[in-house]
Amino acid sequence: MTETTAHPATDALLANAIRALAMDAVEAAKSGHPGMPMGMAEIAVALWRRHLRHNPANPHWPDRDRFVLSNGHGSMLQYALLHLTGYDLPIGELKNFRQLHSKTPGHPEVGVTPGVETTTGPLGQGFANAVGMALAEALLAREFNAPGHTVVDHRTFVFMGDGCMMEGISHEAASLAGTQKLGKLMAFYDDNGISIDGHVQGWFTDDTPKRFEAYGWHVIPGIDGHDVAAVDAAIAAAIAVTDRPSLLCCKTVIGKGAPTKAGTEAAHGAALGEKEVAATRAALGWNYPPFEIPDAVYQGWNARDRGARREAEWNAKLAAYRTAFPERAAEFERRIAGELPAGFGKEVKAFVAAQAAKGETVATRKASQQAIEAYAKLLPEMIGGSADLTGSVFTNWSGSKVVAPGVPGNYVNFGVREFAMSAIASGLTLHGGFIPYVGTFLTFSDYARNALRMASLMKIRVIFVYTHDSIGLGEDGPTHQSVEHAAALRLIPGMDVWRPCDTVESAVAWAAAIERRHGPSCLVFTRQNCAFVARPPAAIDAIARGGYVLADFDPAASAKRAVVIATGSEVTLALGARDALAKEGVAVRVVSMPCTSAFDRQDDGYRAAVLPAGVPRVAVEAGVTAYWRRYVGAVDDPHGAVVGIDVFGESAPAPVLFKHFGFTPQHVAEAVKKVL
């Protein structure tokens with residue numbers, strides 16, 4: 001229901017306050033995007049003052065509405081709204097827009113600015129995150145709400161522009177949202193017809209309303225985005241539609257109020273300039289100095305009292321829910337807090353020990369599925385999915401229930417939408433209550449890479465499952481054979497990439513990814529079988545450290561010593577080379593390094609103990625060689641070598657390819673001899 005409160009400040013004055021703050025902050029920084037905030041000001045008034053349920057005093061209130069600024073270049077719109085409505089974002093932070101260590105970076109960043117729900121900037125991804133948030137709300141509501149007790153009941157609102165609409169990820173995400181009938185998702189399309197290069201008619205002529213109608217959305221076209229009452233009425237109409245997501249198409253003028261730059265690309269991505277800012281003030285009748293907001297405007301925007309009321313009402317609902325359903329309430333609160341169940345670590349140890357005792361030789365993708373089976377039974381917050389490859393990537397388990405409109409579930413069929421799948425997974429995490437894991441072939445991580453980068457930038461727990469990790473997938477050939485992908489993923493700051501060699505390492509890798517609250521993980525698995533490796537308990541305990549001694553030097557051997565570092569399916573090659581070299585009087589330590597970043601986080605003493613200085617080293621991985629030089633030495637170091645592949649693969653059975661490209665124990669042994 002629309003909320004209205006009588007205030008001296010008119011809607012026009014409230015909107016102009018946004019315009020003033022946006023142009024002043026951008027002008028002070030001499031950098032930024034003033035046009036979108038100035039153009040969407042009235043839309044913001046309608047949504048934030050009359051519909052958005054939030055509490056500035058508690059940005060993490062679980063049943064708040066989520067607001068996402070997908071067109072994140074217009075960040076000053078969100079910063080102005082957060083400041084004006086009462087969040088902990090003082091005017092000094094707006095004056096420091098885009099400056100070092102301010103809470104007002106160039107694009108919104110979660111964890112930096114209170115009230116920002118997700119980091120946006122790469123266009124379309126915020127929209128996909130919002131789809132994930134709306135999906136999370138729907139699934140939690142189906143799972144926890146009970147007759148007479150509604151503890152999950154909020155909406156997700158997202159602003160987006162022409163750029164978001166043009167990016168392919170918006171097509172993927174909108175299609176899935178329509179299929180899932182996410183009725184509490186509402187998108188506002190800022191249809192201003194301008195992008196950086198000018199009027200978009202030359203490169204964007206889609207009939208956007210019809211496109212979204214075809215996706216199964218409820219669409220309201222032709223809204224005057226500068227008429228607060230019209231936008232308000234459209235929001236109310238969209239809220240009444242519960243079986244479809246809604247798109248509100250709002251016609252606006254970019255840079256509204258700027259006498260010479262409004263409606264042009266000049267208002268998009270640069271400061272207006274002192275003369276234009278002064279002229280805009282005069283045109284708007286805004287007779288206040290830069291960054292000065294009259295008390296009446298602050299009073300009109302302040303949402304603290306209303307927010308406190310809303311949260312108090314919800315807290316009363318939660319208290320009643322605790323009384324009626326104490327166990328369900330405790331589980332709901334645990335999941336929202338992101339805490340793992342008590343005793344999870346003990347269960348992990350038991351499962352890892354069981355895998356070691358079983359000693360099974362299987363593909364690590366199968367070992368991954370076994371880990372999912374074990375852990376998902378303990379963690380109802382685990383929600384999986386794949387990009388139309390469930391039968392190949394093995395991301396399902398015996399308790400998987402496919403998510404469908406109105407139906408509880410824990411497995412999403414994302415279809416062939418790798419990019420949206422990955423960004424939607426981030427939205428699920430950001431909302432709270434879920435640990436998402438999503439799968440596809442490793443080579444298709446390229447399609448989704450920027451979503452992985454954003455998950456890492458946001459430091460959030462998302463698990464990306466990748467299989468068919470090398471030339472070992474065989475006959476599909478070089479289009480599907482990953483060569484550079486594992487190395488490329490390892491280069492993403494904050495991303496843990498695990499490439500386990502057998503069932504035991506796979507179990508540990510999965511547990512590490514689940515337990516890692518403040519960063520994403522990529523779990524990389526084989527299609528082909530990998531031999532089980534027996535190891536002592538101390539070695540099992542060391543797997544979580546990312547790199548460890550799997551097979552050590554023979555203490556009775558000669559002085560000829562070398563270290564072979566290997567990952568994944570190539571660990572068995574290293575062990576085979578060790579056995580062969582032992583017959584020639586060469587002692588080899590095999591170091592399994594399933595996760596380089598986890599190993600790099602260990603203390604100097606541990607790393608030096610695993611990789612002793614002065615001992616020649618060879619790294620073995622069926623991928624590009626350059627990455628491993630950081631562990632074995634530069635290309636011209638005679639005591640370091642990498643057995644890898646720096647060309648694309650071929651189409652042939654896996655055993656043929658491994659032999660053809662030199663991935664054999666004999667070849668590894670020869671590499672060791674050369675570095676001695």
_Side chains of His171 and Tyr215, donor plus acceptor under 3.5 Å_ = yes
_Between Thr113 and Tyr87, a side-chain donor and acceptor under 3.5 Å_ = no
_Any pair counted as salt bridge (charged side-chain N to carboxylate O under 4.0 Å, His left out), so long as it reaches residues 8-30, sequence neighbours left out_ = Asp11-Arg49, Asp11-Arg50, Arg19-Glu42, Asp24-Arg281, Glu27-Lys30
*Closest heavy-atom contact between Gly257 and Ala283?*
O-CB, 3.8 Å
*N/O donor-acceptor pair under 3.5 Å between Ser456 side chain and Met495 backbone*: yes
*Ile18 and Met38: side-chain contact (heavy atoms from CB on, under 4.5 Å), yes or no, with the steps?*
CA-CA 7 Å; Ile18 293 174; Met38 297 173 74; over 6 Å; no
*Using 30° and 60° as the class limits, which term best fits the ring planes of Phe188 and Phe159: parallel, tilted or perpendicular?*
perpendicular
*With ring centroids as reference points, do Tyr298 and His83 lie under 6.0 angstrom apart?*
yes
*In plain terms, say whether Asp600 and Arg630 are close enough for a salt bridge, that is, a side-chain N and a carboxylate O under 4.0 Å apart.*
yes
*How far does CD1 of Ile43 sit from OH of Tyr189, to the nearest 0.5 angstrom?*
11.5 Å
_Minimum heavy-atom distance His226-Thr252, with the two atoms named_ = NE2-CA, 3.4 Å
*Which of these, Ser31, Pro34, Pro37, Ser75, sits in a side chain to side chain contact (heavy atoms under 4.5 Å, CB included) with Val26?*
Pro34
_I need the minimum non-hydrogen distance between Asp232 and Ala46, along with the two atoms involved._
N-CB, 3.9 Å
*So, Asp162 and Ser195: side-chain donor and acceptor under 3.5 Å apart, yes or no?*
no
*Could you tell me whether the side chains of Arg490 and Ser597 share a donor-acceptor contact shorter than 3.5 Å?*
no
*According to the interplanar angle, ranging from 0 to 90°, do the rings of Tyr447 and Phe444 count as parallel (below 30°), tilted (30 to 60°) or perpendicular (above 60°)?*
parallel
*Flag the pair Asp153 and Lys184 as a salt bridge only when some basic side-chain nitrogen lies within less than 4.0 angstrom of an acidic carboxylate oxygen.*
yes
*Please check if the side chain of Gln299 supplies one atom and the backbone of Val297 the other of a donor-acceptor pair under 3.5 Å.*
no
_Test item: Asp227 side-chain N/O and Ala230 main-chain N/O as donor-acceptor pair under 3.5 Å_ = yes
*Cation-pi between Arg335 and Phe434: NZ/CZ under 6.0 Å from ring centre and within 45° of the ring axis?*
yes
*Please step through side-chain contact (heavy atoms from CB on, under 4.5 Å) for the pair Ile435 and Ile463, ending with a clear verdict.*
CA-CA 8 Å; Ile435 300 175; Ile463 302 171; 4.1 Å; yes
_For the student: nearest non-hydrogen atoms of Asn55 and Glu311, plus distance_ = ND2-OE1, 2.6 Å
*Could you go step by step and tell me if Arg516 and Lys459 meet the side-chain contact (heavy atoms from CB on, under 4.5 Å) rule?*
CA-CA 10 Å; Arg516 189 179 190 226; Lys459 301 180 176 65; over 6 Å; no
*Indicate yes or no for a side-chain donor-acceptor contact from Trp286 to the backbone of Asn16 under 3.5 Å, with no hydrogens or angles considered.*
no
*Carefully, step by step, assess Leu176 and Ile424 under the rule side-chain contact (heavy atoms from CB on, under 4.5 Å).*
CA-CA 10 Å; Leu176 189 68; Ile424 288 169; 3.7 Å; yes
*asked:* Donor-acceptor check, side chain of Ser170 to backbone of Met165, threshold 3.5 angstrom: yes or no?
replied: yes
_Under-4.0 Å salt bridge between Arg66 and Glu137_ = no
*Determine the minimum heavy-atom distance between Thr104 and Glu93, stating which atoms define it.*
OG1-O, 2.7 Å
*Nearest 0.5 Å please: distance from the NZ atom of Lys210 over to the CG atom of Asp207.*
5.0 Å
*Any donor-acceptor pair under 3.5 Å from Thr85 side chain to Ala303 backbone*: no
*Any side-chain donor near an acceptor of the partner, His154 and Asp65, under 3.5 Å*: no
*Looking only at non-hydrogen atoms, find the nearest pair between Ala174 and Phe127 and report the distance.*
N-CE2, 3.7 Å
_Reported CD-to-OG1 distance for the pair Gln78 and Thr120, which is rounded to 0.5 angstrom_ = 7.0 Å
*Give a yes-or-no answer on whether the side chains of Thr118 and Asn129 include a donor-acceptor pair shorter than 3.5 Å.*
yes
*Centroid-to-centroid, His33 to His268, below 6.0 Å?*
yes
*asked:* Holding to side-chain hydrogen bond (donor to acceptor under 3.5 Å, both in side chains), I want the full list of residues that pass it with Thr260, two or more places apart in sequence or in another chain.
replied: Glu276
*Please check if atom CD in Gln201 has more than 12 non-hydrogen atoms from other residues, nucleotides or ligands closer than 6.0 Å.*
yes
Considering only distance and modelled atom types, tabulate donor-acceptor pairs under 3.5 Å from the side chains of residues 237-251, sequence neighbours left out.
unit_1 : atom_1 : unit_2 : atom_2 : d
Ser246 : OG     : His218 : ND1    : 3.0

